[in-house]
Amino acid sequence: MAKSDIRVCSAWESAHDRPVYTLGEECPECGADAENTAPAPFNPEDPYGEYRRRARRRGE
């Protein structure tokens, strides 16, 4: 099992008290779509990285 196989309910904030994790395509408790929990892959040539870091420093 790869890290990207773990998914979380896309509606957990409104439908559940806590995040609901699954390996399937939908939430086992409410049936909503499940989305990937892995962060975006790191790319040293990220064209928008400078703007994101600048925004983070400003506190946006």
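Throughout, residue positions are numbered sequentially from 1 according to the sequence presented.
Contacts of D46 classified as side chain to side chain donor-acceptor pair (under 3.5 Å), with partners at least two apart in sequence or in another chain: R52.
More than 12 heavy atoms of other residues, nucleotides or ligands lie within 6.0 Å of CG in N43, so this atom counts as buried by the packing criterion.
F42 and Y51 end up in different hydrophobic clusters when Ile, Leu, Val, Met, Phe, Trp and Tyr side chains are linked at under 4.5 Å.
Counting heavy atoms from C-beta on, the side chains of V20 and V8 never come closer than 4.5 Å. Looking at C30 and C9, their side chains come closer than 4.5 Å, going by heavy atoms from C-beta outward.
For residues 19-35, the set of pairs meeting the salt bridge (Lys or Arg N to Asp or Glu O under 4.0 Å) definition, not counting sequence neighbours, comprises R7-E25.
A pairwise comparison of heavy atoms in I6 and T37 identifies O-OG1, 3.0 Å as the closest pair. Summarising the geometry of G24 relative to A34, their closest heavy-atom pair is O-CB, 3.7 Å, with the distance given to 0.1 Å.
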